Amino acid sequence: MQMFRYVKFMVLNRNAILVIAVIAGIIVGEHANSLKFLTFPALALTMTFSMTGMSLVQLRSEPHIYKPMLTGIALNYVAFSAVMLPLAYWLMPTKELFYGFVIIAATPPGVAIIPFSFILRGNVVYAIISVTGAFLGSILIAPLMVKLFAASSGINPTDLLFMTLQLVVAPLIVSRFLLWKPIKPLIEKIRGKVVDWGFAIIIFVAVGLNRQVLFSSPALLLSIAGILIVTIFGLGHYTNVVAKKLRISQDKRIPMVMLVGIKSSGFSVFTALTLFGKEAAIPSAVMAVVVLLYLIFLSIKSKAL
């Protein structure tokens with residue numbers, strides 16, 4: 001019975017699933033290349049199920065939606081990039097690794113911001129509107145950022161535009177059909193597990209393809225983690241301090257501190273792999289772990305209040 005509970009925890013717990021994916025990528029990562037073809041369908045499925053938690057009805061019912069939408073864009077792209085990209089340009093030894101950070105900067109926010117806003121007693125409506133705004137903004141912002149910071153790579157920004165349409169707009173449209181009343185209860189029941197395991201496949205592939213680099217270059221790994229920790233944890237703290245001084249209510253500050261630091265790791269891993277190769281996916285794989293630590297930190301901090 002004890003063993004059954006342990007296995008159930010490992011299979012159903014979001015944090016445990018991510019840890020398993022990272023460890024598996026390190027230990028048996030030689031099989032990652034054979035599973036690379038699964039990254040696109042896994043991400044498409046993950047994005048689609050994730051977006052069922054986004055209520056577009058809120059966009060119609062809220063009288064002043066533009067402010068939180070623009071706030072989401074400003075925090076998730078402008079503030080995040082202003083801190084992370086200079087550090088990455090200064091510290092990364094290869095252009096592929098820097099391009100990996102460019103993809104992270106261009107990536108839309110993690111949809112986990114919405115459920116965690118509820119868990120941390122934040123303003124969920126504000127989270128939905130600001131995340132939706134940032135997602136819609138990514139359609140134009142992502143190609144522009146790649147053109148601006150990775151023009152010398154030979155990548156056509158329209159490739160990323162097409163990829164964004166596939167992985168943001170298409171899942172958003174399909175997710176509306178999954179909210180059909182007869183199937184909505186089933187979707188809500190399995191949504192978390194589909195997202196967790198789809199995400200796990202993507203992280204396993206990214207870690208597995210780069211396991212030799214992770215083993216042979218601990219200093220590089222520390223540099224990447226350091227950039228992301230400074231950006232995510234540091235920006236989150238600074239955003240909270242500034243928002244507090246601007247007298248923004250605590251329930252709105254909660255999604256704001258996540259918007260400024262939490263990106264869709266699955267999207268960034270797949271996009272970096274597709275556009276720039278496996279080395280460029282290393283920062284995104286590391287980011288998945290840092291984001292997990294940040295969410296755990298916010299959960300502990302919330303309980304301590």
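Since the model is a prediction, treat every value here as computed from it, not as a measurement. All residue numbers in this chain count up from 1 along the given sequence.
Note on L186: it does not cluster hydrophobically with V174, by side-chain heavy-atom contacts below 4.5 Å among ILVMFWY residues. With hydrophobic clusters built from ILVMFWY side chains whose heavy atoms lie under 4.5 angstrom apart, F101 does not share a cluster with L222. Hydrophobic cluster membership differs between L140 and Y66, with clusters built from Ile, Leu, Val, Met, Phe, Trp and Tyr side chains linked at under 4.5 angstrom. Cluster annotation: I203 and I27 are assigned to the same hydrophobic cluster (Ile/Leu/Val/Met/Phe/Trp/Tyr, side-chain heavy-atom contacts under 4.5 Å, transitive). Note on M258: it clusters hydrophobically with F297, by side-chain heavy-atom contacts below 4.5 Å among ILVMFWY residues.
With sequence neighbours excluded, no residue satisfies side chain to side chain donor-acceptor pair (under 3.5 Å) with S130. Take L38 and apply the side chain to side chain contact (heavy atoms under 4.5 Å, CB included) test, not counting sequence neighbours, and it matches L35, I201. For K278, the side chain to side chain contact (heavy atoms under 4.5 Å, CB included) criterion is met by L209, N210, L273, not counting sequence neighbours. Listed by chain and residue number, V169, F177 satisfy the side chain to side chain contact (heavy atoms under 4.5 Å, CB included) test with I173 (two or more places apart in sequence, or in another chain). Remark: T107 engages no residue in a side chain to side chain donor-acceptor pair (under 3.5 Å) (not counting sequence neighbours). In this structure, the ring pair (Phe, Tyr, Trp, His ring centres under 6.0 Å) partners of F270, at least two apart in sequence or on a different chain, are F40. Judged as a side chain to side chain contact (heavy atoms under 4.5 Å, CB included), and not counting sequence neighbours, the contacts of L178 are T48, F49, T52, I183, I187.
When atom types are taken as modelled, the side chain of T274 and the backbone of T271 share no donor-acceptor pair closer than 3.5 angstrom. Under the 3.5 Å distance criterion, the side-chain polar atoms of T94 are matched with a main-chain donor or acceptor of L97.
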Practice problem: Evaluate the side-chain contact (heavy atoms from CB on, under 4.5 Å) criterion for residues F116 and S299: first the C-alpha distance (whole Å), next the side-chain angles of each, then the deciding distance (0.1 Å), finally the verdict. | Solution: CA-CA 9 Å; F116 268 89; S299 298; 3.8 Å; yes
Practice problem: Show the numbers, then the answer: is there a side-chain contact (heavy atoms from CB on, under 4.5 Å) between S117 and I113? | Solution: CA-CA 6 Å; S117 292; I113 292 170; 4.0 Å; yes
Quiz item: Do M69 and L136 pass the side-chain contact (heavy atoms from CB on, under 4.5 Å) test, and can you show the C-alpha distance, the side-chain angles, and the key distance before you say yes or no?
Solution: CA-CA 9 Å; M69 290 179 80; L136 296 176; 4.0 Å; yes
Exercise. Would you please test I103 and V146 for side-chain contact (heavy atoms from CB on, under 4.5 Å) and show each step?
Key: CA-CA 7 Å; I103 291 298; V146 170; 4.1 Å; yes
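A distance of 5.0 Å separates NZ in K184 from CD in E188, rounded to the nearest 0.5 Å. Atom CD1 of I73 is separated from atom CZ of F135 by 12.5 Å, given to the nearest 0.5 angstrom. The CG atom of N123 sits 4.5 Å away from atom CG of D251, with the distance rounded to the nearest 0.5 Å. Summarising the geometry, atom CG belonging to L91 is positioned 10.0 Å from atom CG belonging to L220; distances are rounded to the nearest 0.5 Å. Taken to the nearest 0.5 Å, the CG atom of L275 stands 12.5 Å off from the CD atom of E96. Atom CG in L85 sits 15.0 Å away from atom CH2 in W90 (nearest 0.5 Å).
When each of Y89, F276, F149 is tested with Y99 by the rule ring-ring contact (aromatic ring centres under 6.0 Å, His included), just one qualifies, namely F276.
Taking each heavy atom of S223 and M92 in turn, the nearest pair found is CB-CE, 4.0 Å. Shortest non-hydrogen contact noted between S284 and V269 is CB-CG2, 3.4 Å. The shortest non-hydrogen separation linking Y126 to P255 is CD2-CG, 3.7 Å.
Counting only residues at least two apart or in different chains, side chain to side chain donor-acceptor pair (under 3.5 Å) contacts with residues 71-81 comprise N76-K263.
For the pair I262 and L295, the minimum side-chain heavy-atom distance is below 4.5 Å. The shortest side-chain heavy-atom distance between V22 and V289 falls under the 4.5 Å cut-off.
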Using a 3.5 Å cut-off and no angle test, enumerate the donor-acceptor pairs between side-chain atoms of residues 224-243 and protein atoms at least two apart in sequence or in another chain.
residue: T231; atom: OG1; partner: I227; partner atom: O; Å: 2.8
residue: T239; atom: OG1; partner: L235; partner atom: O; Å: 2.7
residue: N240; atom: OD1; partner: R253; partner atom: NE; Å: 3.0

